[in-house]
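Here the structure is laid out as structure tokens; the discussion comes afterwards.
Numbering of ligands and ligand atoms starts at 1, following listing order.
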Amino acid sequence: MYRSNTCGELRLSDRGKKVTLAGWVQRIRKMGSLNFIDLRDRYGITQLSADDNSPKEVLDIIANLGREYVIQVEGEVIERQSKNNKIPTGEIEIKLESINILNPAAIPPFTIEDQTDGGEDIRAKYRYLDLRRNPLKSALSLRHKIALETRKYLDEQSFMEIETPFLIKSTPEGARDFVVPSRMNPGEFYALPQSPQTFKQLLMVAGYDRYFQIVRCFRDEDLRADRQPEFTQIDCEMSFVEREDVLQMFEGLTKHLFKSVLNKEITEAFPRMSYDYAMEHYGSDKPDIRFEMQIQDISELVKGKGFSIFDQANYIGAISATGCAGYTRKQIDELTEWVKRPQIGAKGLVYIKLGDEIKSSVDKFYTPEDLQKIGNKLNAQKGDLILILCGEKKKTQTQLGALRLEMGNRLGLRDNSVYKPLWICDFPLLEWDDETQRFYAMHHPFTAPKPEDLDKFFSNNQSDLAEVKANAYDIVLNGNEIGGGSIRIHDNKIQKRMFEILGFSSEQAEYRFGFLMNAFKFGAPPHGGIAFGFDRLCALFGGQETIRDFIAFPKNNMGRDVMADSPSVIDDTQMEELFIKSTASKE
Ligand code: ASP
């Protein structure tokens, strides 16, 4: 028996017991003739002690111990002289009778402490050492708990967890596929799933009624900050449902997770907002509604007063920052620089200070009454600062959305312990791309148009098509999309028309999706579903911005595993077997 107890377990009530513990040496302290060792395992830390009266072998071994050595010890649980109320085992220590070194350890490249001295790169390279630290341990245990509670809730609701294949036929969902060459089928490739979308729909055709899977998905995208090429979804699908059924079910899941994992009770229904409203008033399809500061279109109030920049602008919008009328010249200049950064891309910033006097950067063109009218439109009070951007409508709204979030940060309105989930509904079905001169599915090609828009959907008029709304929804939490889904097309005519709109010839549609369309001939029930981004959900529940800490072995921003150093080149023989010619030059 390696151990009788873990390092997180023993209390004062265990006093007098003889125990055997095993773990890693966290720290060794010598105070005169007293020796203390902190022994660590996943469950906690227990203090070990030895003094002049301890066996000589014990003292000899202690003299040669190093950090992170793996040891096994025997001794008696005794009450501590100076207690540590910060850890649950802080009232006891183990009076050592024997020590056995199970494995020595090289000096770790950084300290295994909550606050480590190791930079990001070195910690990534030695991920298994980083994972020994408490912050990562609690992140992964939170992840485990969320997965467990998800399974409990969905099982209660009669969902079945069913695995779907990883080696599949390429099914585009808007991103690039990772492909896998097939040795047995020369020149042919599998793709790794971007999501199990088609399979979960086929499970509905097969009559499984309620499916879920906590599943890895793969997307070969240029990695923006905090994206992973492989990530996990809680993927779900239900039969014989309308949008309302799906929203209720997964609002229920979200509430269950808040309650069971964070002990937060959300009683009220999640607000619902249309995509158009979100874009118009939050400049984003994932609004952070922890604070108001809504964007308003002020075009009508400012045009025609001789200020040519506004007169020529296609859209003029504003937000009001509460209590910021006292901003100095310097602070305003700094904000102006902020909106002009390439990431935001505004040309300039106009302000109105609703102080004792009303002052603005466009006083020449507007009377105080004109400016007050803008204040009224924004519901601004005395003491507030109005910030105005103008330009092309969608772009400017997005810029205002970013500025709104920035002001929310500056004003401390985005508290990580406050959670405000909501649903965004009524997305456009299609997005026009100027470059390729074609429509793309905003969600994916299997999303149903809203029934009331079917006429437009079958029209050949491009502007009609652009107006068709999708029966799709996203769940948003504190400015992050945590999930999205839709009611699916289950009618072959509609699915065929969708492929046609997306520019697939019937042969192409047949080649890529023939299996799905064929299945729809054999009794497809009406169905719909959703997928939650599991990594992001975990990070948000953990009150963190980055998902990387919630994944045991993540990739870096270049999609590399810096610990194992992959991707890497493969042998020529492997390449030949796979019928791939080497084009990469090897140094
Ligand atoms: N498959 C979709 C996605 O990965 C989610 C869904 O429609 O259920 O975004």
* To do: Using the ring of Y440 (Phe, Tyr or Trp, six-membered ring only), decide whether R438 places NZ or CZ under 6.0 Å from its centre and within 45 degrees of its axis.
  =>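 Yes, a cation-pi geometry holds between R438 and Y440.
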* Is the cationic atom of K420 (NZ for Lys, CZ for Arg) positioned less than 6.0 Å from the six-membered ring centroid of F291 and within 45 degrees of its normal? ->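 No, K420 does not sit over the ring of F291.
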* Parallel, tilted or perpendicular for H527 and F520, by the 30°/60° rule? ->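 Taking F520 first and then H527, their aromatic rings stand perpendicular (interplane angle over 60°).
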* If you measure from each heavy atom of E481 to ligand 1, is any distance below 4.0 Å? ->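 No, that is not the case, since the closest heavy atom of the residue is not under 4.0 Å from the ligand.
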* Measure the distances from the heavy atoms of E237 to every atom of ligand 1 and state whether one is below 4.0 angstrom. =>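 Under 4.0 Å: no for E237.
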* Residue part near ligand 1, for A531, under 4.0 Å between non-hydrogen atoms ->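 It is both parts that get close, each with some atom under 4.0 Å.
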* Specify side chain, backbone, both or neither for R488, according to which of its non-hydrogen atoms lie closer than 4.0 Å to ligand 1. =>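 Contact part for R488 vs ligand 1: side chain (C-beta onward).
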* Considering R219, K200, Q194, which one's heavy-atom position lies nearest to atom 8 (O) of ligand 1? ->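 Among R219, K200, Q194, the closest heavy atom to atom 8 (O) of ligand 1 comes from K200.
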Any chance the side chains of [X] and [Y] put a donor and an acceptor closer than 3.5 Å?
| X | Y | result |
| --- | --- | --- |
| S195 | Q233 | no |
| T232 | R143 | yes |
| Y282 | D288 | no |
| S274 | D276 | no |

Give the numbers and elements of all ligand 1 atoms closer than 4.0 Å to a heavy atom of [X].
| X | answer |
| --- | --- |
| Q233 | 3 (C), 4 (O) |
| I530 | 8 (O) |
| G485 | 6 (C), 7 (O) |
| G484 | 5 (C), 6 (C), 8 (O) |
| S195 | 1 (N), 4 (O) |

* Asked: Would you say D235 and ligand 1 have an N/O pair spaced under 3.5 Å apart?
  ->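 Looking only at distances, the answer is no, because the N/O contact criterion of under 3.5 Å is not met.
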* Out of F218, F178, Y190, which residue meets the ring pair (Phe, Tyr, Trp, His ring centres under 6.0 Å) rule with F166? ->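 That would be F218.
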